[in-house]
2 protein chains.
Amino acid sequence: MSRINVREKLLDAALETIQRYGFNGCGVQDITQAAGVPKGSFYNHFESKEALGAAVIGRYWEQRACSALDILNDAKLRPVERLRRYIAAIAEKMAARQYASGCLVGNLSAELSDQSTLIAERLSGVLDGWTRAMEACVREGQAAGELRCDLDPALTARFLVNSLQGAILRARVDKSGTALADLDAIVCATLLS
Amino acid sequence: MSRINVREKLLDAALETIQRYGFNGCGVQDITQAAGVPKGSFYNHFESKEALGAAVIGRYWEQRACSALDILNDAKLRPVERLRRYIAAIAEKMAARQYASGCLVGNLSAELSDQSTLIAERLSGVLDGWTRAMEACVREGQAAGELRCDLDPALTARFLVNSLQGAILRARVDKSGTALADLDAIVCATLLS
């Protein structure tokens with residue numbers, strides 16, 4: 001197996017394993033086992049479990065979160081439609097996996113924000129990117145006269161991203177889509193112009 | 001040391017240790033050590049670490065969360081003032097501890113919702129109690145003509161509790177009070193009548 005292949009396998013396995021059991025709920029051995037590579041090979045690719053965690057955030061962002069953000073950028077849809085379809089897409093994805101796992105960014109935020117500066121910085125960067133995509137959609141919605149213009153678009157975008165994380169968290173606890181439906185209802189009732 | 005004292009010491013120590021390191025980030029030995037009791041005494045009081053986790057949620061709710069909820073019930077203040085002071089009190093508490101730890105309910109929701117049915121049920125119960133206190137405040141605000149009457153009070157309360165959890169999570173990642181200030185601004189701009 002080539003060096004690149006081992007690293008890729010480790011990242012894929014770590015993403016699955018950490019999302020399922022949490023960062024502290026699994027060990028390096030669980031990850032190498034899931035990847036089907038010798039335990040000893042781990043430190044040829046990652047300096048530490050923390051470094052792997054930081055790399056996994058990047059992988060999650062590229063593979064999962066970014067593709068979902070395409071909905072927010074979809075020029076074929078009206079901005080409000082994009083926003084609502086984005087919330088609905090998260091709700092559908094969560095329902096399909098019985099509300100397990102949630103969002104890796106939110107989960108690691110809760111678990112590691114105080115434990116690892118490296119991981120907190122990586123999470124902050126990803127959340128900023130997510131917020132920028134949301135802000136672009138909010139600005140377009142305001143320009144199109146669909147969203148209230150008296151709200152600061154950057155503040156509104158931060159609020160939406162943070163409230164989505166809160167709704168995803170509650171959906172996991174309750175094993176129900178209510179929290180995401182609530183957020184959609186509030187957006188419709190309060191943010192539309 | 002009496003049996004009750006040991007149990008109390010274990011609960012207090014577990015609350016501090018789990019809030020600091022996460023549930024899977026600490027072991028039974030870390031907790032007995034922090035409590036200053038012999039490791040062997042743990043299983044005289046708790047069947048498992050999971051059972052301790054469930055009991056800690058109850059303790060957190062009684063000792064910390066419930067006292068903060070007094071603000072939402074404070075009949076001396078107008079309902080909107082209560083809601084805003086409640087958000088401000090959370091922001092102040094977080095700033096005082098440099099945005100570390102966050103809310104134990106949110107943290108365990110992220111870490112254990114899929115791992116333990118016992119803990120997920122306990123979290124769901126606490127979040128329901130929190131939501132009911134919020135709903136009572138929203139209803140009073142609507143009756144007083146301070147909050148928009150076209151929004152369902154139960155839905156609005158769930159949205160507020162979930163969005164607060166999202167804001168607390170983001171405040172921890174960013175080590176900043178911006179997320180809570182954003183939520184307050186959105187409440188003022190969109191929910192007041």
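These numbers were taken from a predicted model, which means no experiment stands behind them.
B:A185 touches chain A through its side chain: at least one heavy atom from C-beta onward sits under 4.5 Å away, while N, CA, C and O do not. When heavy atoms are compared at a cutoff of 4.5 Å, B:T131 approaches chain A solely by way of its side chain, counted from C-beta outward. With a threshold of 4.5 angstrom between heavy atoms, A:L123 approaches chain B through its backbone and through its side chain. Contact annotation for B:D128: both backbone and side-chain heavy atoms come within less than 4.5 Å of a heavy atom of chain A. Using a 4.5 Å cut-off between heavy atoms, B:L127 touches chain A through backbone and side chain atoms alike. Of the atoms belonging to B:I168, not a single heavy atom falls under 4.5 Å from chain A. B:R20 touches chain A through its backbone: at least one of N, CA, C or O sits under 4.5 Å from a heavy atom, while the side chain does not. Only the backbone of B:Y99 comes within contact range of chain A, with at least one heavy atom under 4.5 Å from a heavy atom of that chain.
Comparing A:A120, A:A179, A:G22, A:A189 by heavy-atom pairs within less than 4.5 Å of chain B, the highest count is held by A:A189. Per-residue heavy-atom pair counts under 4.5 Å with chain B were compared for A:N24, A:D114, A:N107, and the maximum is reached by A:D114. Across B:F23, B:Y21, B:F159, the residue that shares the most heavy-atom pairs under 4.5 angstrom with chain A is B:F159. Among the candidates A:R170, A:K175, A:Q165, the residue making the largest number of heavy-atom pairs closer than 4.5 Å to chain B is A:R170. Counting heavy-atom pairs closer than 4.5 Å to chain B, the top residue among A:A181, A:G102, A:G25 is A:G25.
Linking Ile, Leu, Val, Met, Phe, Trp and Tyr residues whenever their side-chain heavy atoms come within less than 4.5 Å places A:L183 and B:L155 in a single cluster.
Residues B:D70 and B:D74 have side chains not in contact (no heavy-atom distance under 4.5 Å, counting atoms from C-beta outward). B:I31 is listed as a side-chain neighbour of B:C26, based on a closest heavy-atom distance under 4.5 Å.
Side chains of B:D30 and B:T17: a donor-acceptor N/O pair is absent below 3.5 angstrom, by distance only. Using modelled atom types and a 3.5 Å distance limit, the side chains of A:S101 and A:Q19 yield no donor-acceptor pair.
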Can you check side chain to side chain contact (heavy atoms under 4.5 Å, CB included) on A:D12 and A:R59, steps first, answer last?
-> CA-CA 8 Å; A:D12 284 336; A:R59 191 158 194 95; 2.9 Å; yes

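With hydrogens and angles disregarded, a donor-acceptor distance shorter than 3.5 Å links the side chain of A:S193 to the backbone of A:G145. Looking only at distances, a side-chain donor or acceptor of B:Q142 sits under 3.5 Å from a matching main-chain atom of B:R148.
In the displayed structure, B:R84 atom CZ is contacted under 6.0 Å by at most 12 heavy atoms of other residues, nucleotides or ligands.
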